[in-house]
A.B. asks: 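Can you read through this structure? Questions will come right after.
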Amino acid sequence: MGTAPLHKLKLELRRGVLVLAVLASLKEAHYGYSLRQQLQDAGVDIDEGTLYPLIRRLAEQGLLDSEWKQSEGRERRYYQLSTLGAELLEQLTLEWTSLNNAIGPLLLGNNGFSNNDEEHH
Amino acid sequence: MDIVERYIAAVQRELPEQKREDIGRELNANILDKIEALEAQKGAVTDTEVAEVLYEMGSPRSVALQFCPPTPLIATWIMPLYLNTLYVVLGVLFLLSLIGVTSNWLSGTQMSLLLFMKSLASEFLNHAYFAFTAITIGFAVIGRKPKNEEPQTCTWSPEKLPPAGKSWQHISLQSIFSDLATMLFLVMLIWYPLWQSNSGAQSIFTPEVLTILLWFTPVILVAIAHSIWQLRVRLWNRTMLLLNIAVSTAFLLVSLWIMLNTPILRIYSEAWEGAVSIASIERSIFVVVFVVAIIAAYEVIRDTRRLFRI
């Protein structure tokens, strides 16, 4: 497969997962840069151009609360999961776990069909 | 830092008025955080290094687009209806323009085909600009409704869906309107000089050809009615195919008869004097009628084959 389709598919795959990662990371308050650092430390590399607009959108949807605070001599906007965001995160986590449990075996090729085939033979 | 201020101001210029201050403020905080992290790594940073940081973030326009992605003028959920409306309205406008311009052309003293084409294009475009703008603005306004207010237009049931059929069974609007335009043009070409003989309109056909075309008019009217029927049904069925075979066969026979009875048109030699020879005009007209015959023959064969496959 060429790099262009792979890049596009990777972006599509990451899009939904990044929302989950951001929501999960914002159980504690973070400002934009510190959130990016936290995600990078956890192994989730996310571009600034994607992350900053994403947290603003999530805040506009009411999933995050935001507040300007003075910190280290200058202002920063801190984001944290709202009550609605926390409820949604819980549901999304269940969905993620269920998908992961279903897709994991598929990716490993252990989906049950091979066993059935063997039984038929 | 002047360069950061200039960058943020450039981003803000690309943003909607109500979001400029808030996004600018947040962007400033993010950039300063990034510079601070760089200073923690390397010590004091130069203007060149700050410029590199900004360059990595992207052009002001691309950053602004990331924060405020452009919304399409016509919302996606309403796009199919918008395109359908455009096709139908523009198709009807083309037919109306054709009727108007053909009547002017036939009653005019100059019988220039080029002038006719130019008038038709100009008349159609004059109406089309207005229609296109009005429809687009209308749909843009409708599409601005919040998503939860979208009308539930999907009142359908699987039982009422038309048969699946073959892909060729679907009749495109473009095909219907081009057939309608051709038939209306032909009717006007044949009948207008007779209706409006006192306005000085003269038939372009020779008397022999005109006589056969007058007798042929009911077939053209059937073809027009057939096109209107197609507008309602939009799916070929056996009856429609049989009707189309009959109409195409009639067109084929009349075209062949006309080709054997040249000259076809009354050519006013003084109008064409010095421009083109009469022989070449007659040859061109013969070719046009020959093409019509070929198309009609093709449609007869195509529809007969379809009839057996349906």
Side-chain angles (χ1 to χ4, degrees), chain A residues 7-8 10-12 14-16 18-19 21-22 25-26 28-42 44-82 84 88, chain B residues 1-5 7-8 10-42 44-45 49-72 144 146-148:
Chain A
H7 181 67
K8 199 179 164 194
K10 272 171 79 177
L11 279 179
E12 276 178 28
R14 282 167 58 92
R15 197 168 292 143
L18 284 177
V19 173
V22 167
S25 301
L26 287 173
E28 291 172 17
H30 276 286
Y31 54 91
Y33 190 79
S34 72
L35 175 63
R36 190 178 175 219
Q37 287 301 117
Q38 158 140 338
L39 287 168
Q40 273 184 338
D41 292 345
V44 182
D45 192 21
I46 179 166
D47 180 53
E48 298 164 302
T50 306
L51 179 64
Y52 299 151
L54 174 63
I55 50 179
R56 278 188 65 90
R57 263 203 302 281
L58 294 173
E60 279 167 8
Q61 289 167 13
L63 306 183
L64 303 177
D65 290 328
S66 72
E67 191 184 2
W68 284 98
K69 285 183 191 171
Q70 286 293 325
S71 153
E72 296 164 25
R74 56 188 184 78
E75 60 171 9
R76 287 187 172 107
R77 190 175 200 171
Y78 282 78
Y79 291 92
Q80 190 164 13
L81 213 55
S82 67
L84 176 65
L88 216 87
Chain B
M1 273 174 229
D2 180 48
I3 195 167
V4 175
E5 276 175 28
Y7 182 79
I8 289 166
V11 174
Q12 284 176 314
R13 276 196 291 275
E14 305 286 340
L15 291 167
E17 181 77 39
Q18 71 275 17
K19 290 192 172 178
R20 278 181 190 168
E21 198 189 324
D22 195 40
I23 292 177
R25 193 175 166 196
E26 193 163 359
L27 192 60
N28 184 50
N30 292 336
I31 293 170
L32 292 181
D33 279 331
K34 203 171 178 184
I35 293 170
E36 210 172 84
L38 202 66
E39 279 174 341
Q41 274 181 357
K42 295 184 176 178
V45 292
E49 284 168 324
V50 174
E52 262 176 46
V53 167
L54 298 177
Y55 187 77
E56 273 175 27
M57 292 191 76
S59 72
R61 177 165 291 181
S62 65
V63 171
L65 283 175
Q66 283 163 344
F67 277 100
C68 293
T71 46
R144 289 290 162 274
K147 277 189 181 169
N148 53 8

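To find a chain, count down the sequence lines: A is the first, B the second, and so on, and within it residues start at 1. All figures in this text were calculated on a predicted structure; none of them were measured in a lab.
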A.B. asks: Side chain from CB out, backbone as N, CA, C, O: work out which of these in B:Glu56 comes under 4.5 Å of a heavy atom of chain A, or both, or neither.
C.D. replies: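 It is neither, since no heavy atom gets under 4.5 Å.
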A.B. asks: Can you give me the closest heavy-atom contact between B:Ala29 and A:Glu75, atom names plus distance?
C.D. replies: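 What the structure gives for the nearest pair is CB-O, 3.7 Å.
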A.B. asks: Which of these passes side-chain hydrogen bond (donor to acceptor under 3.5 Å, both in side chains) with A:His30: A:Gln38, A:Gln37, A:Arg36?
C.D. replies: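 The option that passes is A:Gln38.
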A.B. asks: Between B:Ile23 and chain A, which part of the residue has a heavy atom less than 4.5 Å away: side chain, backbone, both or neither?
C.D. replies: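 For B:Ile23, heavy atoms of backbone and side chain both lie under 4.5 Å from chain A.
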A.B. asks: Which atoms of A:Glu48 come close to chain B, meaning under 4.5 Å heavy atom to heavy atom: side chain ones, backbone ones, both, or neither?
C.D. replies: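 Just its side chain gets close to chain B.
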A.B. asks: With A:Tyr78 as reference, evaluate A:Tyr33, A:Trp68, A:Tyr31 under the ring pair (Phe, Tyr, Trp, His ring centres under 6.0 Å) test and give the passing residue.
C.D. replies: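 Considering A:Tyr33, A:Trp68, A:Tyr31, a ring pair (Phe, Tyr, Trp, His ring centres under 6.0 Å) with A:Tyr78 is found only for A:Tyr31.
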A.B. asks: Judged by atom type as modelled, is there a donor-acceptor pair below 3.5 Å linking the side chain of A:Arg77 to the main-chain atoms of A:Gly32?
C.D. replies: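 Pair absent, no side-chain N/O of A:Arg77 close to backbone of A:Gly32.
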A.B. asks: Using only atom types and a distance under 3.5 Å, with no angle test, would you say the side chain of B:Gln12 pairs donor to acceptor with the backbone of B:Arg20?
C.D. replies: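 Yes, the answer is positive, given that a donor and an acceptor are paired below the 3.5 Å cut-off.
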A.B. asks: Name the member of B:Glu26, B:Lys34, B:Gln66, B:Met57 that forms the most heavy-atom pairs with chain A at distances under 4.5 Å.
C.D. replies: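 Most pairs with chain A among the choices: B:Glu26.
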A.B. asks: Under a 4.5 Å heavy-atom cut-off, does chain A meet the side chain of B:Asn28, its backbone, both or neither?
C.D. replies: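 No part of it gets close to chain A.
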